[in-house]
Amino acid sequence: GADRFVWRWMALMFMSLLVLFYGHLAVTGSRLAYRFWVAVYAAQQFVVFGLSAYWTTSFNPPLRAALLAEQARISMKMHAYFREKLLWKTMGNATEPVSPITPEYVDSEFRSFLFFLFAPTLVYRRHYPRTTCIHWGAVVTRLLEGIGVVYYTYLVFRWVLPQFDRLSVFSDYTSFFAAWVGAMGPGMALMFLGHYLILHTWQNMFAELTRFADRRFYEDWWNARTWEVFYRKWKRVVHEFIKEYAYLDLH
C-alpha cells in the first residue's frame with residue numbers, strides 16, 4: 001500500500017534532483033561532455049517511465065493513477081529545468097545569464113529547483129511572481145473542497161460501475177445502449193469533478209502554500225467553440241509547457 005507508494009514517490013523525487021547535476025555538467029562542460037550528459041538525461045527519463053510502469057503493477061487503481069500522474073508531472077518538470085539549462089548552452093538566449101559554479105550558486109539553484117518541483121507550474125524560471133504571505137484560511141478551504149470532491153467522486157463511481165459490471169450479461173444492443181446512455185451523465189460529472197479537483201482545488205492550494213502568484217490555471221473553456229480552443233484553455237498549465245518546449249522549439 002500507501003507506504004510503498006510514499007517510498008517510490010520519494011525515489012522519483014530523488015531521481016529528479018539528479019537533473020541538477022546533469023544540467024550543471026552539460027552547461028559547463030565541453031561539447032562532447034554536453035552530448036554525453038544529454039544522452040544520460042534521456043536514458044534517465046526512460047528509466048523513470050519504465051520504473052513507474054513496473055511499480056504500478058502492485059498497486060490498486062487509485063494509487064496506480066496517482067503514481068503515474070506524479071511520474072508525468074515530475075518528468076515534465078525535469079525536462080523543463082534541463083531544457084532551460086541546455087538553452088543557455090546551445091542558443092545563448094536564456095532567461096538569465098550563466099553564473100560561475102560556486103557553492104552559493106549551487107545552493108541557489110537547489111532552492112530554485114526544489115521550489116519548482118512543488119510550484120503549480122511546468123515552465124521553469126529562476127524567479128516567479130510571489131505573494132507576500134500564506135493565507136491559511138484559503139488553504140483549509142481548498143483542502144475541504146478537495147475532500148468533498150473526492151467523496152462525491154466516490155458516490156458517482158458507486159452509481160456508474162455496477163452498470164458496466166452488467167455489460168457482460170447483456171444479450172442485445174438495446175440493453176447495452178441503455179446502460180451506455182445511463183452512464184453518460186455520471187461520466188460528465190466525473191470529468192467536471194476531476195477538472196475542479198486538479199485544476200482548481202489542488203493547484204490553488206499548492207499555489208497558496210508556495211505563495212505562487214500566477215493562479216490562471218485554466219481559462220473560460222466553457223465558451224470554446226472549437227476543440228483547439230477548448231484544449232488550449234482547459235489545461236493552461238500543460239498548454240504552456242507544450243508551447244514553451246515543443247511548439248517554440250520546433251518552430
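Along the sequence shown, the residues carry numbers beginning at 1. Just the heavy atoms: all of them, side chains too, but no hydrogens, waters or symmetry mates, feed the values below. As the structure is a computational prediction, the values presented were derived from the model and not from experiment.
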Test your reading of the model: is there a side-chain donor-acceptor pair from [X] to the backbone of [Y], 3.5 Å cut-off?
{"X": "Thr141", "Y": "Gly137", "value": "yes"}
{"X": "Tyr247", "Y": "Glu244", "value": "no"}
{"X": "Gln71", "Y": "Leu12", "value": "no"}
{"X": "Glu240", "Y": "Val123", "value": "no"}
{"X": "Ser112", "Y": "Glu109", "value": "no"}
{"X": "Lys77", "Y": "Thr121", "value": "yes"}
{"X": "Arg211", "Y": "Ile134", "value": "no"}

Taking all atoms of both residues into account, what is the closest heavy-atom pair of [X] and [Y], and its distance?
{"X": "Pro186", "Y": "Val156", "result": "O-CG1, 3.6 Å"}
{"X": "Val48", "Y": "Ser75", "result": "CG1-OG, 3.7 Å"}
{"X": "Leu122", "Y": "Ala80", "result": "O-CB, 3.2 Å"}

Worksheet item: Is there a path from Leu18 to Phe49 through hydrophobic residues (I, L, V, M, F, W, Y) whose side chains come within less than 4.5 Å of each other?
Response: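 Looking at the clustering, Phe49 is in a separate group from Leu18.
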With sequence neighbours excluded, tell me which residues meet salt bridge (charged side-chain N to carboxylate O under 4.0 Å, His left out) with [X].
{"X": "Arg215", "answer": "Glu208"}
{"X": "Arg216", "answer": "Glu219"}
{"X": "Arg142", "answer": "Glu145"}

Worksheet item: Do Arg126 and Ser108 have a side chain donor and acceptor closer than 3.5 Å?
Response: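 The answer is yes; a qualifying pair exists.
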Item to complete: With rounding to the nearest 0.5 Å, note down the distance linking NZ in Lys235 to CH2 in Trp221.
Response: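 With rounding to 0.5 Å, NZ (Lys235) is 11.5 Å from CH2 (Trp221).
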Worksheet entry | side-chain hydrogen bond (donor to acceptor under 3.5 Å, both in side chains) between Tyr218 and His200, worked out | CA-CA 8 Å; Tyr218 57 90; His200 182 80; 3.0 Å; yes
Test of ring centre spacing under 6.0 Å for [X] and [Y]:
{"X": "Phe5", "Y": "Trp9", "value": "no"}
{"X": "Tyr196", "Y": "Phe192", "value": "no"}
{"X": "Trp202", "Y": "Phe206", "value": "yes"}

Worksheet item: Checking ring-ring contact (aromatic ring centres under 6.0 Å, His included) for the pair Trp227/Tyr231: CA distance, chi angles, key distance, verdict?
Response: CA-CA 6 Å; Trp227 284 109; Tyr231 281 111; 5.7 Å; yes
Item to complete: Starting from the C-alpha separation in whole Å, work towards a yes-or-no answer on side-chain hydrogen bond (donor to acceptor under 3.5 Å, both in side chains) for His239 and Trp234.
Response: CA-CA 9 Å; His239 169 71; Trp234 183 32; over 6 Å; no
